[in-house]
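Step one of this worksheet: look at the structure below.
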Amino acid sequence: MRDYLRALPVFAGELPAFDPSAAPSSPSELFAEWLVAAVEAGVREPHAMTLSTAGANARVLILKNVDQRGWQFAAHAASPKGRELSQDPRAALTFYWSPQGRQIRVRGPVHPSPPEESAADFLARSPGARAEASLGRQSRPLTDRATLDNAVREAQRGIEGYVEPHWTLYTLAPGQVEFWQADKDRKHTRLRYSRTPSGWTRGLLWP
Ligand SMILES: Cc1cc2nc3c(=O)[nH]c(=O)nc-3n(C[C@H](O)[C@H](O)[C@H](O)COP(=O)(O)O)c2cc1C
């Protein structure tokens, strides 16, 4: 396996240019620029990201929105990640867009959004996704597939107009955001934004 892994290429293909001196003053603006570039480069699911929680746990989630408040995602509050976030709000998000050799790391505390925003997110989901989420059993042991199918079928009967009260739109308010651009010679470009009381500061990091 070691030789097999060693033979796999890293940062193959053409990599985009990144000039940190021309970067916008806020990380959400640069994130939006990189996201659009990732879509144009054909990255599949560029809005899939790894959420790491303080309980030394990580999983992939879908990004719901980014604005001046932060990066948003949605989940059931009774899931392991929901419980971990209520115990310790410190978290990190990681994006990796392989065709471009780009990584983005976002760190900061996570807060639940107001119930009406969470409800709007829940209602925007498909009926099947709402029914599944309404069960509130995520990550618990499952005896067999038929039990899941029956439970979802049952939940779908009363799903019209129902809002799952534990469904939560979370916002990670970033303290630091790092943009990482791969370089074939390993002289990667790293630009880190740090939040200060007077706004964002920017600085380069050693690769
Ligand atoms: C591409 C992708 C997108 C996902 N999106 C979400 C999501 O938006 N919300 C969610 O709760 N789980 C999502 N999941 C499932 C999570 O990775 C995870 O399995 C689940 O939330 C249970 O995590 P937990 O046990 O840490 O709470 C997604 C998985 C993948 C692979």
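First listed ligand is number 1; within each ligand, the first listed atom is number 1.
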*Heavy atoms, side chains only, cut-off 4.5 Å: are Arg107 and Glu178 in contact?*
no

*Non-neighbouring partners of Gln103 that pass side chain to side chain donor-acceptor pair (under 3.5 Å), sequence neighbours left out*: none

*So Phe31 and Trp97, would you call those rings parallel, tilted or perpendicular, with 30° and 60° as cut-offs?*
tilted

*If you count only heavy atoms, which residues are under 4.0 Å from ligand 1?*
Arg59, Val60, Leu61, Ile62, Ala74, Ala75, Ser79, Pro80, Lys81, Gln138, Ser139

*asked:* Connecting only ILVMFWY residues whose side-chain heavy atoms lie within less than 4.5 Å of each other, what is the rest of Val152's hydrophobic cluster?
replied: Leu135, Leu142, Leu148

_Between Asp121 and Lys64, is the side-chain contact (heavy atoms from CB on, under 4.5 Å) condition met? List the steps._
CA-CA 9 Å; Asp121 183 86; Lys64 292 298 184 89; 2.8 Å; yes

Please tabulate, for the side chains in residues 46-54, all donor-acceptor contacts under 3.5 angstrom to protein atoms that are two or more places apart in sequence or on a different chain.
from  : atom 1 : to    : atom 2 : distance (Å)
Thr53 : OG1    : Asn57 : O      : 3.3
Thr53 : OG1    : Arg59 : NH1    : 3.0
Thr53 : OG1    : Arg59 : NH2    : 3.4
Thr53 : OG1    : Glu84 : OE1    : 2.4

